[in-house]
2 protein chains.
Amino acid sequence: METVGQIIRAKREAQGLLLRQVAAHLDIDQAILSKIERSERKPTKENILKLSEILKLDKDELMVQFMSDKIAYEIADEDCANRVLKVAEKKVKYLKAHPIKS
Amino acid sequence: METVGQIIRAKREAQGLLLRQVAAHLDIDQAILSKIERSERKPTKENILKLSEILKLDKDELMVQFMSDKIAYEIADEDCANRVLKVAEKKVKYLKAHPIKS
DNA sequence: ATTAACTTGACAATAAGTGTCAAATGTAAT
DNA sequence: ATTACATTTGACACTTATTGTCAAGTTAAT
């Protein structure tokens with residue numbers, strides 16, 4: 001089970017890029033990127049978009065990994081985690097079928 | 001599709017309790033409880049626990065509603081929402097099978 | 001018109017997220 | 001073992017989000 005960080009690091013190294021190079025493209029300090037790759041910090045959506053660009057990763061796929069990481073992390077310690085996901089699925093379905101009028 | 005707020009308000013009124021009475025038990029201002037019931041604010045986990053006590057609602061069920069609300073809300077606008085939930089499910093399964101050594 | 005319940009909005013306090021920087025550590029080559 | 005470079009670490013600052021208080025406003029029932 002790969003984390004977003006592991007995916008990123010693998011791809012960055014495969015392309016022979018340095019932390020500092022990729023971080024510059026994201027416009028953040030390399031220290032943060034280092035932490036993101038080791039799952040010590042979470043990337044922002046902005047980070048994910050720019051990472052998919054420079055590392056030539058599929059944007060949607062990376063976003064899915066990013067968001068599922070976040071969700072899994074926030075409910076993993078609950079013993080009702082699976083039920084939470086099931087109910088969330090229903091709610092998402094409902095929300096998509098009944099969009100809020102902005 | 002009921003929100004946590006709607007569940008709470010229904011139960012509170014069914015028991016003839018006032019906002020101020022329930023809020024006191026939660027140790028928060030009644031203004032916040034009012035907002036929670038109308039989904040203008042989100043409850044904390046602490047709030048949920050105390051609400052299940054005073055309103056005699058099933059703790060786990062209410063927690064499931066609370067967390068699924070939160071998740072549905074944070075991914076509903078993504079078109080990959082369903083995939084996110086599927087992947088999150090896998091990750092949760094993995095995390096439960098391979099607990100982190102604290 | 002009074003009263004009681006609830007709602008609203010401005011604001012304050014606190015917590016969480018996001019970032020910088022410099023020093024420390026690791027790693028490989030000379 | 002010294003140098004050179006990449007990465008990691010931790011202390012700190014800045015910003016944004018969350019959580020709360022309070023007082024004034026609204027609603028609904030006498």
Side-chain angles (χ1 to χ4, degrees), chain A residues 3-55 62-63 65-78, chain B residues 3-55 62-63 65-78 100 102:
Chain A
T3 65
V4 171
Q6 291 168 330
I7 293 169
I8 291 167
R9 171 149 297 185
K11 202 69 193 282
R12 177 176 64 81
E13 293 181 338
Q15 295 188 213
L17 295 169
L18 300 179
L19 278 179
R20 118 172 79 83
Q21 297 174 308
V22 175
H25 187 265
L26 305 197
D27 198 29
I28 59 175
D29 193 285
Q30 67 170 16
I32 295 178
L33 184 53
S34 169
K35 286 167 186 169
I36 288 172
E37 288 187 346
R38 286 169 297 108
S39 303
E40 197 186 308
R41 289 248 186 138
K42 288 189 214 302
T44 64
K45 279 194 184 184
E46 183 70 15
N47 293 157
I48 292 296
L49 288 179
K50 291 188 173 168
L51 280 167
S52 72
E53 283 169 14
I54 195 172
L55 297 180
L62 199 58
M63 194 60 80
Q65 292 299 328
F66 162 62
M67 295 202 297
S68 61
D69 260 21
K70 211 163 56 140
I71 289 174
Y73 173 81
E74 85 186 24
I75 68 172
D77 59 327
E78 301 286 337
Chain B
T3 65
V4 171
Q6 291 169 331
I7 293 170
I8 292 167
R9 171 150 295 186
K11 202 69 194 282
R12 177 176 65 80
E13 292 181 338
Q15 296 189 213
L17 294 168
L18 301 179
L19 277 179
R20 116 171 80 83
Q21 297 174 308
V22 175
H25 187 265
L26 305 197
D27 198 29
I28 59 175
D29 193 285
Q30 67 168 13
I32 295 178
L33 184 54
S34 168
K35 286 168 186 171
I36 288 172
E37 288 188 345
R38 286 169 297 106
S39 303
E40 196 185 308
R41 288 246 187 141
K42 287 189 216 299
T44 64
K45 278 193 185 184
E46 184 71 16
N47 293 157
I48 291 295
L49 288 178
K50 291 188 173 169
L51 280 166
S52 72
E53 284 168 14
I54 194 172
L55 297 181
L62 199 58
M63 194 60 80
Q65 292 300 327
F66 162 62
M67 296 203 296
S68 60
D69 261 20
K70 211 164 56 141
I71 289 174
Y73 174 81
E74 84 186 26
I75 69 173
D77 59 327
E78 301 286 338
I100 313 281
S102 63

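In what follows, every chain begins at residue 1, and chains take the letters A, B, ... in the order their sequences are listed.
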What nitrogen or oxygen pairs link the protein and nucleotides 27-29 of chain C at under 3.5 Å?
none

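When DNA chain D is scanned 5' to 3' for any atom under 4.0 Å from a heavy atom of chain B, the first and last hits are D/dT19 to D/dC22.
In terms of modelled atom types and a separation under 3.5 Å, the side chain of A/Q6 and the main chain of A/T3 share a donor-acceptor contact.
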Next on the checklist: The test is side-chain contact (heavy atoms from CB on, under 4.5 Å); show your working for B/Y73 and B/K70 and say whether it passes.
Outcome noted: CA-CA 5 Å; B/Y73 174 81; B/K70 211 164 56 141; 5.9 Å; no
Checklist entry - Passes side-chain contact (heavy atoms from CB on, under 4.5 Å), A/L55 versus A/L17? Steps please. => result CA-CA 9 Å; A/L55 297 180; A/L17 295 169; 4.0 Å; yes
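Scanning for side-chain hydrogen bond (donor to acceptor under 3.5 Å, both in side chains) contacts around A/Q30 gives an empty result, with sequence neighbours left out. Take A/Q21 and apply the side-chain hydrogen bond (donor to acceptor under 3.5 Å, both in side chains) test, not counting sequence neighbours, and it matches no residue.
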Checklist entry - Could you run down nucleotides 12-20 of chain C 5' to 3' and tag each one B, S or - for protein heavy-atom contact under 4.0 Å? => result ------BBB
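Here the closest heavy-atom approach between residue A/D77 and residue A/E74 is recorded as OD1-O, 4.0 Å. Scanning all heavy atoms of the two residues, the minimum distance from A/Q65 to A/S68 falls at O-OG, 3.1 Å.
Inter-residue side-chain proximity for B/R12 and B/L19 is flagged as met; some heavy-atom pair is nearer than 4.5 Å.
Look at CZ on A/R38: it is 12 Å from C1' on C/dT25, rounded to the nearest Å.
Sorted by residue number, the list of members of residues 8-19 of chain A with any non-hydrogen atom under 4.0 Å from DNA chain C is empty.
Here the rule is side chain to side chain contact (heavy atoms under 4.5 Å, CB included) with A/V4, and of A/N47, A/I48, A/I36 only A/I48 fits it.
Residue B/S34 places at least one side-chain N or O closer than 4.0 Å to OP1 or OP2 of C/dT7.
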